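One structure is given here, and the rest of the page talks about it.
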Amino acid sequence: MRVKTRFAPSPTGYLHIGGVRTALFSWLYARHHGGTFVLRIEDTDRERSTEASIQAILTGLTWVGLDCDEGPFRQTARFARYAAVAEEMLSRGTAYRCYCSREELEAMRAQQVTRGENPRYDGRCRERRQPVAGVSPVIRLRSPREGTVTVHDLVRGDVSFNNADLDDVILMRPDGMPTFHFGVVVDDADMGITHVIRGDDHLTNTPRHIHIQQALGVPVPVYAHLPMILGADGARLSKRHGAVNVLEYRDRGYLPDALLNYLVRLGWAHGDQEVFSRQEMIELFDIAAVNSAASRFDPDKLNWLNQQYILTRERRQLADEFGAFMDLRGLRREPGPSLGEVVDAYRERAVTLEDMAQASWYVFNDFEAIDGKAAQQHLKAATVPVLALAMERFEALPVWQRAAIHEALQGVAAALGIGFGKVGQPLRVAVTGGTVSPPIDVTLELVGRQRTLRRLRHALQLAQEQPLLS
RNA sequence: GCUCCCUUCGUCUAGCGGUCAGGACGCGGCCCUCUCAAGGCUGAAACGCGGGUUCGAUUCCCGCAGGGAGCGCCA
């Protein structure tokens with residue numbers, strides 16, 4: 001059997017992190033089996049669906065690199081089809097028109113709850129022959145009232161439900177819009193979806209879907225219900241847990257590969273392995289090995305993974321990604337060294353591309369002022385000779401290159417009879433405006449000779465103005 | 001309330017009847033060191049509770065407790 005999976009978001013907001021994980025697992029399953037991955041936009045909720053959401057979902061998926069083979073399809077483009085299927089069900093008697101008003105249904109539910117029953121439609125329109133004047137009816141499924149349905153779930157195993165606990169689900173609204181339940185089933189069947197991989201929150205919807213499938217006489221797909229992702233505090237993931245919109249991760253300098261790697265390990269493991277390339281994910285992913293318990297989103301571990309990816313990423317690629325990030329954030333990258341050099345120097349101390357941009361800012365831009373505390377500590381009268389001698393040696397250097405710079409600085413330390421640390425730190429403060437940077441020779445090389453000398457001159461002035469205390 | 005699901009270090013997880021219960025993140029210590037990192041070594045840290053089954057349960061079964069999801073003309 002040729003595997004076909006789908007991701008079916010509803011465009012009522014941005015693409016969130018839980019959705020990405022669902023999409024990832026569907027995508028992995030399809031890719032692993034050499035199957036097809038379909039994207040379908042479930043936009044039957046006209047009130048809440050927006051064009052902007054569709055765009056956000058699409059760019060989110062693109063950024064993260066989960067490419068679909070078919071779609072995006074839109075349910076709103078398939079009206080006629082749902083109507084035709086519903087009509088057929090009506091004529092075959094597997095569905096019926098229901099004229100109950102919302103108020104009536106509300107009252108029914110309230111009563112049932114007070115009686116301690118599972119609130120559900122009691123089927124009072126099942127045998128109705130005559131339409132009710134002035135009421136445009138909904139269409140309901142005539143579902144079995146006895147027996148059980150069992151969902152054969154790839155991650156949960158068999159889960160059974162009593163049909164008596166389920167009610168006659170609404171298929172079509174009065175305006176001819178299918179409900180979610182009807183839309184998914186018809187679409188999954190029409191599109192030949194073999195495996196439905198979706199969030200845990202749909203598990204209790206599944207028996208209804210199976211009833212619809214049985215009424216339609218279409219094959220029941222294989223189901224796999226994924227556990228939810230919770231916030232760090234165990235509550236449902238929401239904005240107060242930090243970023244939930246995928247694009248926020250892009251904007252904060254996360255690498256899509258790292259995000260996916262983090263997500264794939266939420267609820268799934270392959271022995272002790274933590275880092276998976278896309279290829280490895282595809283090869284090793286096994287839906288049956290997915291955990292059934294919900295997991296919490298841990299930003300610390302995502303950070304660690306992102307750092308690992310930055311650390312080990314191929315130079316050219318990282319430079320490209322960093323460049324794209326700088327552009328996205330409107331950061332200046334010229335004049336200055338090549339991004340390849342920058343990335344080599346800063347990758348070891350950046351958790352995100354944002355960190356990297358921040359840490360290397362002085363390479364491309366002139367700072368307003370040196371950090372006060374740093375200047376006070378490192379640019380004092382005693383450092384005047386260090387700065388002066390360094391400038392002298394730098395001016396004389398035939399090439400502006402780290403080995404030569406390093407040698408020159410060792411010469412300065414030796415000439416003044418002080419340790420390398422007494423040379424490096426004042427220079428660092430002078431040239432970067434702060435106390436943290438890559439090794440001083442590398443830093444100076446990147447900043448460039450002209451800028452270095454200019455900044456040293458300025459720092460020298462500052463140091464000379466300090467009171468003579470050492 | 002009803003139905004369904006879940007339960008190993010703080011977190012993500014390995015485990016699939018006999019293990020010193022392993023790894024990773026985070027946290028502590030040490031080493032390396034011109035700053036910050038990265039890296040190396042190392043330490044603390046878990047089987048929710050109660051019954052069974054079994055020679056033996058983290059592992060199988062049943063309760064309980066705790067968490068979660070669903071019960072819409074939302075998806």
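Convention: sequence-line order gives letters A, B, ...; per-chain numbering from 1. Worth saying up front: this structure is predicted, and the values here are computed from it rather than measured. What's counted below: heavy atoms across the whole structure, side chains too, no hydrogens, waters or symmetry copies.
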query = Phosphate oxygens OP1/OP2 of B:rG39: is one of them under 4.0 Å from a side-chain N or O of A:Q308?
reply = yes
message = Between A:R6 and A:W27, is there a side-chain heavy-atom distance shorter than 4.5 Å?
response = no
inquiry  = Does B:rG1 have its OP1 or OP2 closer than 4.0 Å to a side-chain nitrogen or oxygen of A:Q112?
reply    = no
inquiry  = If you assign A:R265 and A:D158 each to the RNA chain B nucleotide with the nearest heavy atom, which residue ends up on the more 5' nucleotide?
reply    = A:D158
query = Which base, if any, makes a Watson-Crick or G-U wobble pair with B:rC27, both distances under 3.5 Å?
reply = B:rG43
key: Ionic contact status for A:E274 with A:K301, cut-off 4.0 Å   = yes
Show me the donor-acceptor pairs, under 3.5 Å and distance only, between side chains in residues 106-113 of chain A and residues at least two apart or in other chains.
{"from": "A:Q111", "atom 1": "OE1", "to": "A:R115", "atom 2": "NH2", "distance (Å)": "3.3"}
{"from": "A:Q112", "atom 1": "OE1", "to": "A:R120", "atom 2": "N", "distance (Å)": "3.0"}
{"from": "A:Q112", "atom 1": "NE2", "to": "A:R120", "atom 2": "O", "distance (Å)": "2.7"}

Separation between the C1' atoms of B:rU58 and B:rC20, rounded to whole Å = 15 Å
inquiry  = If I pick the C1' atom on B:rU19 and the same atom on B:rG15, what distance separates them, to the nearest angstrom?
reply    = 9 Å
request  = Please list, chain by chain and in numerical order, all residues satisfying salt bridge (charged side-chain N to carboxylate O under 4.0 Å, His left out) with A:D187, sequence neighbours excluded.
outcome  = A:R40, A:R78
query = For the side chain of A:E274, counting heavy atoms from C-beta on, which of B:rA24, B:rC5, B:rC12 is nearest?
reply = B:rA24
ask   = Between A:H225 (NE2) and B:rC5 (C1'), how many Å, whole number?
value = 11 Å
task = May I ask you to say what A:E42 touches in the nucleic acid, namely base, sugar-phosphate or nothing, with a heavy-atom cut-off under 4.0 Å?
result = sugar-phosphate
ask   = What's the CG-P distance between A:N306 and B:rA38, to the nearest Å?
value = 13 Å
message = Can a side-chain donor-acceptor contact be found between A:T383 and A:H378 if the only test is distance below 3.5 angstrom?
response = no
request  = Look through every strand shown and name the nucleotide pairing with B:rC32 as Watson-Crick or G-U wobble, where both distances are under 3.5 Å.
outcome  = none
key: Qualifying residues under ring-ring contact (aromatic ring centres under 6.0 Å, His included), relative to A:F297, sequence neighbours excluded   = A:Y262
note = Here the distance between atom P of B:rU3 and atom CZ of A:R145, to the nearest Å, is 18 Å
request  = Would you tell me whether A:T76 and A:D43 have side-chain atoms, one donor and one acceptor, within less than 3.5 Å of each other?
outcome  = yes
remark   = d(A:R208 CZ, A:D168 CG) to nearest 0.5 Å is 10.0 Å
query = Paired with B:rU7 by Watson-Crick or G-U wobble geometry, both distances under 3.5 Å: which nucleotide is it?
reply = B:rA65
inquiry  = Expressed as a whole number of angstroms, how long is the span from A:F182:CZ to B:rA75:C1'?
reply    = 16 Å
Residues A:D122 and A:R124 bridged, charged N to O under 4.0 Å = yes
Find every protein N or O atom lying less than 3.5 Å from an N or O atom of nucleotides 42-49 of chain B, and list the pairs.
none

message = Can you list everything that forms a salt bridge (charged side-chain N to carboxylate O under 4.0 Å, His left out) with A:E321? Sequence neighbours excluded, please.
response = A:R313
inquiry  = If you only use heavy atoms from C-beta on, which nucleotide in B:rA38, B:rU3, B:rU11 is closest to the side chain of A:D165?
reply    = B:rU3
query = Nearest-Å distance, CZ (A:R347) to P (B:rG39)?
reply = 13 Å
task = Answer yes if the side chains of A:T44 and A:R74 hold a donor-acceptor pair under 3.5 Å, and no otherwise.
result = no
task = In whole angstrom, give me the gap between the C1' atoms of B:rC16 and B:rU8.
result = 13 Å
remark   = By side chain to side chain donor-acceptor pair (under 3.5 Å), A:R315 pairs with (sequence neighbours left out) A:D344
message = At a heavy-atom distance below 4.0 Å, what parts of residues 253-261 of chain A sit against RNA chain B?
response = none
remark   = Each nucleotide of nucleotides 66-73 of chain B classed B (base within 4.0 Å of a protein heavy atom), S (only sugar-phosphate) or -, in 5' to 3' order, makes ---SSBSB
inquiry  = Measuring only the P atom in each nucleotide, how far is B:rC55 from B:rG40? A whole number of Å is fine.
reply    = 48 Å
ask   = With a non-hydrogen cut-off below 4.0 angstrom, is A:T12 in contact with a base, only sugar-phosphate, or nothing?
value = nothing
ask   = Roughly how many Å is it from CG in A:L154 to P in B:rC5, rounded to a whole number?
value = 16 Å
ask   = P atom, B:rU59 versus B:rG18: distance in rounded Å?
value = 11 Å
task = Look through every strand shown and name the nucleotide pairing with B:rC60 as Watson-Crick or G-U wobble, where both distances are under 3.5 Å.
result = B:rG52
key: A:Q273: partners by side chain to side chain donor-acceptor pair (under 3.5 Å), with sequence neighbours left out   = A:E280
task = Have a look at A:T114 and say if it touches a base, only the backbone sugar-phosphate, or nothing, with a 4.0 Å heavy-atom cut-off.
result = nothing
request  = Classify the side-chain pair A:N245/A:H16 by whether it contains a donor and acceptor separated by less than 3.5 Å.
outcome  = no
inquiry  = Could you work out, with salt bridge (charged side-chain N to carboxylate O under 4.0 Å, His left out) as the rule, every residue matching A:R128, not counting sequence neighbours?
reply    = none
ask   = Would you call A:R402 and A:E445 a salt bridge, taking side-chain N to carboxylate O under 4.0 Å as the test?
value = yes
message = Using whole Å, what does the distance between atom P of nucleotide B:rC25 and atom CZ of A:F276 come to?
response = 14 Å
Protein and nucleotides 30-35 of chain B: nitrogen or oxygen contacts under 3.5 angstrom:
{"from": "B:rC34", "atom 1": "O2", "to": "A:R428", "atom 2": "NH2", "distance (Å)": "2.5"}
{"from": "B:rC34", "atom 1": "N3", "to": "A:I440", "atom 2": "N", "distance (Å)": "3.3"}
{"from": "B:rU35", "atom 1": "O4'", "to": "A:Q425", "atom 2": "OE1", "distance (Å)": "3.2"}
{"from": "B:rU35", "atom 1": "O2'", "to": "A:T435", "atom 2": "O", "distance (Å)": "3.0"}
{"from": "B:rU35", "atom 1": "N1", "to": "A:R428", "atom 2": "NH2", "distance (Å)": "3.2"}
{"from": "B:rU35", "atom 1": "O2", "to": "A:T435", "atom 2": "O", "distance (Å)": "3.4"}
{"from": "B:rU35", "atom 1": "O2", "to": "A:S437", "atom 2": "N", "distance (Å)": "2.9"}
{"from": "B:rU35", "atom 1": "O2", "to": "A:S437", "atom 2": "O", "distance (Å)": "3.1"}
{"from": "B:rU35", "atom 1": "N3", "to": "A:R428", "atom 2": "NH1", "distance (Å)": "3.1"}
{"from": "B:rU35", "atom 1": "N3", "to": "A:S437", "atom 2": "O", "distance (Å)": "2.5"}
{"from": "B:rU35", "atom 1": "O4", "to": "A:P439", "atom 2": "N", "distance (Å)": "3.1"}

ask   = If you measure from the C1' atom in B:rC25 to the same atom in B:rA44, how many Å do you get, rounded?
value = 15 Å
request  = Just name whichever nucleotide pairs with B:rG1, Watson-Crick or G-U, keeping both distances under 3.5 Å, else none.
outcome  = B:rC71
ask   = What interatomic distance, in whole Å, is found between P of B:rG22 and the corresponding atom of B:rG43?
value = 12 Å
ask   = Touch check for A:Q307, heavy atoms < 4.0 angstrom, all strands: base, sugar-phosphate only, or nothing?
value = sugar-phosphate
note = Which of B:rG10, B:rA75, B:rA37 is nearest the side chain of A:D298? It is B:rG10
key: Set of residues satisfying side chain to side chain donor-acceptor pair (under 3.5 Å) with respect to A:S136, sequence neighbours excluded   = none
task = Classify the nucleic acid contact of A:G267 as base, sugar-phosphate or nothing, counting any heavy atom under 4.0 Å across all strands shown.
result = sugar-phosphate
Under 3.5 Å on both distances, the Watson-Crick or G-U partner of B:rU19 = none
message = Between P on B:rU13 and CG on A:L305, what's the gap in Å once rounded to a whole number?
response = 13 Å
